[in-house]
Protein chains: 2
Amino acid sequence: MEQALQRQTAPPRPPVEPSAPEPMFDLIEALFFAYRDFVGDADRLLLRYNFGRAHHRVLYFVDRRPGLSVAELLDLLKITKQSLSRVLKELIDGDYIEQRPGLADRRQRLLFATDAGHALALEIAHVQSRRFATALAKLPAGAREQGAAFLAAISDAGEGK
Amino acid sequence: MEQALQRQTAPPRPPVEPSAPEPMFDLIEALFFAYRDFVGDADRLLLRYNFGRAHHRVLYFVDRRPGLSVAELLDLLKITKQSLSRVLKELIDGDYIEQRPGLADRRQRLLFATDAGHALALEIAHVQSRRFATALAKLPAGAREQGAAFLAAISDAGEGK
DNA sequence: TAAATATGTCAGTTCTATTGACATATTTCA
DNA sequence: TGAAATATGTCAATAGAACTGACATATTTA
């Protein structure tokens with residue numbers, strides 16, 4: 001008997017202080033789903049290389065900011081040195097990233113994407129951009145600029161950082 | 001000698017097929033940073049309860065969709081049953097979520113937030129909403145609607161799902 | 001020359017997720 | 001009615017990505 005599944009309701013709640021405004025559940029959920037599907041694109045591609053999200057984040061920023069130092073990368077990703085080391089080692093061993101000593105400060109190990117690394121970074125960026133393009137096609141003109149401004153305002157560094 | 005740190009340049013790249021359009025690096029990075037800082041808010045709060053991101057995601061959706069079944073939750077989170085089980089168990093043991101057999105289908109275990117669970121979910125949502133409010137204050141009128149539409153268009157389910 | 005800095009590494013741990021296999025209760029369908 | 005499908009739970013093993021703490025090396029700065 002295909003009975004209409006009547007959803008049970010939320011339990012009654014104790015009264016709340018009416019001080020706090022209603023949370024913006026629409027934005028909270030939309031950001032969650034957008035990010036989930038956005039990184040899903042990259043995940044699928046990275047499987048072929050036995051790389052994970054962590055590898056992608058490192059490769060992405062090294063490719064976009066050639067000559068990045070390890071310290072700068074750590075600050076960008078907000079992870080620890082030890083977390084980075086495994087991932088970075090694998091990318092270097094696989095010849096996707098290379099290190100060169102700093103010119104001014106030879107303690108530094110500046111990071112550069114190799115040709116292979118650059119190609120992989122670009123491939124992933126293309127897939128993700130295709131997702132954006134599909135989205136923007138459904139939205140009115142100016143949506144790209146508005147979306148970028150909106151996202152930038154949400155992050156701690158209101159600017160691009 | 002505080003020498004101006006002259007950034008090394010990217011290595012020359014082999015020529016590319018000009019077929020692919022330039023990736024939308026602005027949006028890619030903006031989404032990354034926005035999400036990183038957005039979940040950072042929740043992470044800090046959850047530390048006090050010895051909960052992680054996984055707990056939050058479960059609690060959030062159960063609170064927002066009272067009477068959600070386990071299968072629906074798995075589909076929403078796009079994780080496996082086994083991944084969910086540990087996290088869900090801890091939330092049930094800690095009395096943040098409770099289960100009740102389905103009315104129509106007694107195989108189901110429908111999930112509900114307890115008062116404590118509801119309070120925690122709301123507390124986190126408030127912190128995240130404060131971030132959105134701060135961002136929207138810097139943006140022109142209509143930014144909330146535009147931002148929500150933009151994010152919704154990016155996810156696979158263009159609608160709220 | 002001593003202290004600070006940039007990086008690397010070793011060891012141990014935690015959290016989150018995975019796959020595969022199997023058990024139980026309940027519902028649906030032929 | 002009985003077999004198959006469904007919803008859920010659980011056990012075991014594993015992987016990936018992060019963490020803390022401690023310590024080593026090379027280099028720069030004071």
Side-chain angles (χ1 to χ4, degrees), chain A residues 1-5 8 36 39-40 42-44 46-47 49-60 62 67-94 97-111, chain B residues 1-5 8 36 39-40 42-44 46-47 49-60 62 67-94 97-111:
Chain A
M1 186 77 27
E2 180 76 26
Q3 177 173 351
L5 48 136
Q8 291 186 39
R36 182 195 65 178
V39 298
D43 285 348
R44 276 183 294 278
L46 291 159
L47 271 184
Y49 300 83
N50 281 311
F51 285 155
R53 269 179 213 183
H55 299 88
H56 177 220
R57 288 198 289 267
V58 169
L59 178 60
Y60 176 86
V62 170
L68 198 69
S69 74
V70 170
E72 288 169 326
L73 184 53
L74 289 176
D75 184 58
L76 219 50
L77 299 178
K78 303 262 190 273
I79 60 173
T80 61
K81 185 174 49 160
Q82 296 87 336
S83 293
L84 175 61
S85 77
R86 174 189 53 92
V87 173
L88 186 53
K89 194 176 191 332
E90 288 170 4
L91 286 166
I92 291 170
D93 289 348
I97 286 181
E98 62 182 15
Q99 294 179 312
R100 302 183 212 155
L103 295 180
D105 183 342
R106 290 180 315 192
R107 289 172 304 184
Q108 293 182 322
R109 296 286 173 271
L110 305 188
L111 304 172
Chain B
M1 184 87 18
E2 180 76 26
Q3 176 175 350
L5 48 135
Q8 291 186 39
R36 182 196 65 179
V39 297
D43 286 348
R44 276 183 293 280
L46 292 159
L47 271 185
Y49 300 82
N50 282 311
F51 285 155
R53 272 180 209 181
H55 301 86
H56 178 220
R57 289 197 289 267
V58 170
L59 178 59
Y60 175 86
V62 170
L68 198 69
S69 74
V70 170
E72 288 169 327
L73 184 53
L74 289 177
D75 183 58
L76 219 50
L77 299 178
K78 302 263 189 272
I79 60 173
T80 61
K81 186 174 48 162
Q82 298 87 335
S83 294
L84 175 62
S85 76
R86 175 189 52 90
V87 173
L88 185 55
K89 194 177 191 334
E90 287 170 5
L91 285 166
I92 290 171
D93 288 349
I97 286 181
E98 62 181 15
Q99 293 179 313
R100 302 183 212 154
L103 294 180
D105 184 342
R106 288 179 316 189
R107 289 172 303 181
Q108 294 181 321
R109 296 288 172 269
L110 306 187
L111 305 172

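Computed from a predicted structure; not experimentally measured. Just so we're on the same page: letters track the sequence lines, and every chain starts at 1.
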Over all heavy atoms of both residues, which pair between [X] and [Y] is shortest? Give the atoms and the distance, please.
X: A:Leu77; Y: A:Arg57; result: CD2-CB, 4.0 Å
X: A:Arg106; Y: A:Pro101; result: O-CB, 4.3 Å
X: A:Arg53; Y: A:Asp43; result: NH2-OD2, 2.8 Å
X: A:Arg107; Y: A:Arg109; result: O-NH1, 3.4 Å
X: B:His56; Y: B:Leu46; result: CB-CD1, 3.5 Å
X: B:Ser83; Y: B:Val87; result: O-CG2, 4.0 Å

[X] has an atom [atom1]; how far is it from atom [atom2] of [N], in whole Å?
X: A:Leu110; N: D:dA26; atom1: CG; atom2: P; value: 19 Å
X: A:Arg100; N: C:dT7; atom1: CZ; atom2: P; value: 16 Å
X: A:Leu74; N: D:dA17; atom1: CG; atom2: P; value: 16 Å
X: A:Leu46; N: D:dG16; atom1: CG; atom2: C1'; value: 13 Å
X: B:Asp93; N: D:dT10; atom1: CG; atom2: P; value: 10 Å
X: A:Asp75; N: C:dT7; atom1: CG; atom2: P; value: 12 Å
X: A:Arg109; N: C:dT5; atom1: CZ; atom2: C1'; value: 13 Å
X: A:Gln108; N: D:dT29; atom1: CD; atom2: P; value: 10 Å

>> side chain to side chain contact (heavy atoms under 4.5 Å, CB included) for A:Leu68 and A:Leu110? Distances and angles first, verdict last.
In response: CA-CA 5 Å; A:Leu68 198 69; A:Leu110 305 188; over 6 Å; no
>> Here's a test of your reading of the structure: between B:Asp105 and A:Arg106, which maps to the more 5' nucleotide of DNA chain D?
In response: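 Its nearest nucleotide lies further toward 5', so the answer is B:Asp105.
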> So, is B:Gln99 near the phosphate of D:dG9, with a side-chain N or O under 4.0 Å from OP1 or OP2?
Replying inline: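 Yes, such a contact exists.
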> Is the A:Tyr49 ring parallel, tilted or perpendicular to the A:Phe51 ring (thresholds 30°, 60°)?
Replying inline: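 Parallel.
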> If you take atom types as modelled and just measure distance, does the side chain of B:Arg107 reach the base of D:dT6 with a donor-acceptor pair under 3.5 Å?
Replying inline: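 Side chain to base: pair found, below 3.5 Å.
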> Taking only residues two or more places apart in sequence or in another chain, which ones pass side-chain contact (heavy atoms from CB on, under 4.5 Å) with B:Ile92?
Replying inline: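 For B:Ile92 the side-chain contact (heavy atoms from CB on, under 4.5 Å) partners, ignoring immediate neighbours, are B:Leu88, B:Ile97, B:Gln99.
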> Reading nucleotides 14-24 of chain C 5' to 3', which nucleotides get B (base under 4.0 Å from a protein heavy atom), which S (sugar-phosphate only), which -?
Replying inline: --BBBBBB---
> For DNA chain C, what dot-bracket results from Watson-Crick or G-U pairs at under 3.5 Å, with [ ] for crossers and | for inter-strand partners?
Replying inline: ||||||||||||||||||||||||||||||
